[in-house]
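Working notes for the structure below.
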There are 2 protein chains.
Amino acid sequence: MKITPISGFPEFLPAQRIVEQHFLDVIRETFELHGFPSIETRAVEPVDRLLGKGGDADKEIYGVTRLADRSEQRHDSDAELGLHFDLTVPFARYVLEHAGHLTFPFRRHQIQKVWRGERPQEGRYREFTQADIDVVDVGELAPHFEAEMPLVIAEVFRKLPVGQMVIQVNNRKIPEGFYLGIGIDDVAGTLRVVDKLDKIGPAKVKDQLVEAGCTPEQADQCLALAAIRSEDLSFVEQVRALGVEHPTLDEGLEALAAVVRAGLDNAPGALVADLKIARGLDYYTGTVYETQLVGHESWGSFCSGGRYDSLASDGRTTYPGVGISIGVSRLLGLLIGKGLLTASRSTPACVLVAVNDEESRATSTQVATELRARGIPCEVAPKPAKFGKQIRYAERRGIPYVWFPGAAGDDAAAPGGDQVRDIRSGDQVDADATSWEPPEQDLRPQVIRVES
Amino acid sequence: MKITPISGFPEFLPAQRIVEQHFLDVIRETFELHGFPSIETRAVEPVDRLLGKGGDADKEIYGVTRLADRSEQRHDSDAELGLHFDLTVPFARYVLEHAGHLTFPFRRHQIQKVWRGERPQEGRYREFTQADIDVVDVGELAPHFEAEMPLVIAEVFRKLPVGQMVIQVNNRKIPEGFYLGIGIDDVAGTLRVVDKLDKIGPAKVKDQLVEAGCTPEQADQCLALAAIRSEDLSFVEQVRALGVEHPTLDEGLEALAAVVRAGLDNAPGALVADLKIARGLDYYTGTVYETQLVGHESWGSFCSGGRYDSLASDGRTTYPGVGISIGVSRLLGLLIGKGLLTASRSTPACVLVAVNDEESRATSTQVATELRARGIPCEVAPKPAKFGKQIRYAERRGIPYVWFPGAAGDDAAAPGGDQVRDIRSGDQVDADATSWEPPEQDLRPQVIRVES
């Protein structure tokens, strides 16, 4: 049977996976530091729920059917299952299903694979990992949660070796109030056009706005609003200077100022108020988030989200929420793909314990057991080959130390007691398996940022 | 849309998920200590590969098709994808696909979900997590790897709060050589019958063996072999005492003795040579492993595996391997389901930072930022409610500490500087967010074994 990769379903080699594990560990650890417990939802949901109210087939859902059932030509779509294409739809269902067992406001993080049957292209996959945080409450959600989300994300990106990531924030109420204030009624339609700014430029946005019924003056005002960007609170003044008045605009400015202020206090330099950020999705009603990797702006946003007044509803109770999602696979696919990140070795092992001869393997295993008992990852050499060959085995995997158990005889690597060699420097010293420690930075594989 | 659970696709609540995370962390950490790097394979494989050479439909595979393609009634089964039902088939494919980029002998661990469309029943799921380790080599695999596997597993179970788990080991060559030595030619058929011993008992096994063509004396000999069990090397003497001679039997005894000896040296009490262990699967050719949770023997094996001479083959090169797989979901489903394990809290947060009033939320957030900078997970109270209410918020989640930022006024919880209260004891002391540390055991949620 011929083996060919399946397009859109990438797999990492062990060293690349070490980079991914580092990212996932930092993300999880930071989410937990901020008090977000983990949940996982099942990979499948009923197809009806995935399609949503509108039956939107754009989502490119993968259906899942037992092969045994398929031959029976079943067509009861009620029972039909599909793979989830994001973590928000399953989370909303989880909240409704388990509401009686959860405490609200409910915070959670969720790091899982999702699947989309889209046409694969660079940085887009059919199977990929997302890392989400959300807070939901019953009936009403306090606005301070909208300021909390980007602090968590800023900390994640400060700890990851990705370079500078800027979190762009806006509040939907700002364009909404502004558009209403200048007499534009079709807020959603206007937002959709302005959202294309980065792709098609201001001239074409203006054309499309005018086509859609705006006056040229209104279109210019929309563009002036979208051009406002500030790392501090000065965006408020700049909006005021455009001379538009509307209570929804006031609300939006106040809310965004609170988000930016929390950023200045707790994560200086990480946030920027950027009033062109719209997020296409209709369900956002307050703060919206996108991100830019400085120097790689064309790669687009790796982390996006916002506030929705109705994350979930069972008809009686509505659950408003705010959330943000990191596109882990897309970020890693680009950073690893462009050769910007690598790992110092392809195995967790810090030490290779050499084997003098097959008869004394038990001695080498004993050394390994003692090192492991003190948290030092190691591996026993697969063969009692010549020592040069055992060292090359370690070298090929990037294992920094080779341990030579003491042995008698002129050809022993460590004729007296045990010795350990740093194979990078060639330094070899006497060592005791019950007390030797590698330098802290050698204990685990390091993720290395390659400067381009 | 009505929400109903999907049978066989269980989901954990946050506190249960903390127990699962603890298990997965210990498993991964131990695998890494033993030098097994992680890989993940895509969730889907071509259906042809999942079905294997025999086209065995028993595996209850879930097929995966884009909904958009389904309407086109495609029938090119070449392109058809299915969800993997174990981690061995995808690993074998991964080895073949990436062989040029791997270093052999290749060790890896893999912790992922798998899916089987079986009829759901207690402790059996349609979506579940497996944790596997395997070593594969090119052409030949050194036998010492068969002794290494159970040492890793013994360490995992020593560190997990599951009670005593015994690893039962056997070597396929022992029954094979023994059966040949007493004149039974149908080794596989005889093994299959003997494998039913625990289910149907020795009398029925004897009947079935005789039905299959054994003499009553041969059947008795098979049962005598299967009854042998020893924690030390005495099983060798016991087999010898049965007076059967065959070179394959000698090989098997020597190999199993090496496995048991490594266990005695490095994980005393964890292994038992148990000569009735056969593992139904035909591809095992050497050591086989099963496990028993002492006191819960009827739950069956939670961790099984063995050696296979041909894990993978591309026609020219054969890759022998040895591996073992922990059924994490099945183990947790039973332990959590029977109420034997729980977590000390439902959130990673160790501290709830109280909020005096909405205006001073920034002060509370600053405290949280300082605690987090020193690795202390915390959450800021969602509302500036009465302090009793804020304490109850922490209590309901099991958060052990509430932090009161200093505030002026008679009704302040901490009228001077900051104070922190252990809400279990009620002790409240002055504290500084830049230096206060919780006791080590409070920093992370604890997994608690409930004695029944």
Side-chain angles (χ1 to χ4, degrees), chain A residues 1 3 5-6 9 11 13-14 17-18 21 32-33 35 37-44 48-49 57 60-68 70 82 93-94 96-98 101 103 105 108 113 117 127 142 144 262 265-266 346-349 361-362 365-366 369 372 377-379 382-383 396-397, chain B residues 1 3 5-6 9 11 13-14 17-18 21 32-33 35 37-44 48-49 57 60-68 70 82 93-94 96-98 101 103 105 108 113 117 127 142 144 262 265-266 346-349 361-362 365-366 369 372 377-379 382-383 396-397:
Chain A
M1 207 178 301
I3 308 250
I6 301 178
F9 291 85
E11 285 180 332
L13 291 169
R17 168 68 179 155
I18 283 172
Q21 282 182 302
E32 291 186 344
L33 273 177
S38 165
I39 67 159
E40 284 197 340
T41 56
R42 60 187 189 225
V44 297
D48 287 354
R49 179 161 294 276
E60 298 291 8
I61 294 162
Y62 280 110
V64 170
T65 325
R66 292 170 69 234
L67 291 186
R70 204 178 267 188
R93 190 265 314 151
Y94 181 95
L96 292 176
E97 184 172 333
H98 302 287
H101 301 282
T103 42
R108 78 88 175 79
K113 297 222 167 76
E127 174 177 67
H144 61 77
D265 285 351
N266 296 279
S346 64
T347 166
R361 176 171 295 278
T365 301
Q366 201 75 52
T369 298
R372 286 173 191 138
C378 57
E379 187 183 330
K383 271 186 206 156
R396 267 201 305 277
R397 287 156 178 82
Chain B
M1 205 177 302
I3 308 249
I6 302 179
F9 291 85
E11 284 180 334
L13 291 168
R17 169 69 178 154
I18 283 173
Q21 281 182 303
E32 291 186 345
L33 273 177
S38 165
I39 67 160
E40 285 197 338
T41 56
R42 60 188 189 225
V44 297
D48 287 353
R49 180 162 294 276
E60 299 290 6
I61 295 163
Y62 280 110
V64 169
T65 325
R66 291 170 70 235
L67 291 186
R70 205 178 266 189
R93 190 266 313 150
Y94 181 96
L96 293 175
E97 184 173 333
H98 303 287
H101 301 281
T103 42
R108 79 87 177 79
K113 297 222 169 75
E127 174 176 67
H144 61 78
D265 285 352
N266 296 279
S346 64
T347 166
R361 176 172 294 279
T365 301
Q366 202 74 54
T369 298
R372 286 174 191 137
C378 57
E379 187 183 330
K383 273 187 207 155
R396 268 200 304 277
R397 286 156 178 82

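Given the structure is predicted, the values throughout are model-derived calculations rather than measurements. Chain naming here is simple, since letters A, B, ... match the order of the sequence lines and numbering starts at 1 in each. Every heavy atom of this structure was used, including side-chain atoms; hydrogens, water molecules and symmetry mates were not.
Only the side chain of A:E127 comes within contact range of chain B, judged by heavy atoms closer than 4.5 Å. Interface remark: A:R397 contributes side-chain atoms only to the contact with chain B (heavy atom separation under 4.5 Å). For A:A262, no part sits under 4.5 Å from any heavy atom of chain B, backbone or side chain. With a 4.5 Å cut-off on non-hydrogen atoms, A:R361 touches chain B through its side chain but not through its backbone.
With a 4.5 Å cut-off on side-chain heavy atoms, A:L13 and B:Y94 count as touching.
In terms of non-hydrogen atom pairs under 4.5 Å with chain A, the most contact-rich of B:R93, B:H101, B:H98 is B:R93. For chain B, the option among A:R396, A:R108, A:K113, A:E40 with the highest count of heavy-atom pairs below 4.5 Å is A:E40. Ranked by heavy-atom pairs under 4.5 Å with chain A, the list B:L96, B:I6, B:T365 is led by B:I6. When each of A:A349, A:S38, A:A43 is scored by its heavy-atom pairs under 4.5 Å with chain B, the top score falls to A:S38. By number of non-hydrogen pairs under 4.5 angstrom with chain B, the leading residue of A:D265, A:T369, A:T103 is A:T103. Chain A forms the most heavy-atom pairs under 4.5 Å with one residue out of B:A142, B:A362, B:G117, and that residue is B:G117. Note on A:Q21, A:Q366, A:K383: by heavy-atom pairs under 4.5 Å with chain B, the leading option is A:Q21.
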CA sep, side-chain torsions, deciding dist, call: B:I3, A:R49, side-chain contact (heavy atoms from CB on, under 4.5 Å)
CA-CA 10 Å; B:I3 308 249; A:R49 179 161 294 276; 3.2 Å; yes

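Atom CZ of B:R17 and atom CD1 of A:I39 lie 9.5 Å apart (nearest 0.5 Å).
The nearest pair of heavy atoms linking A:P37 to B:S346 is CB-O, 3.6 Å. Of all non-hydrogen atoms in A:E379 and B:G35, the two that sit nearest each other are OE1-O, 4.1 Å.
Each of A:L67, A:V64, A:T65, A:V44 was scored for a side-chain contact (heavy atoms from CB on, under 4.5 Å) with B:Y62, with one residue passing: A:V64.
Not one N or O on the side chain of B:E60 forms a donor-acceptor pair closer than 3.5 Å with the backbone of A:R66.
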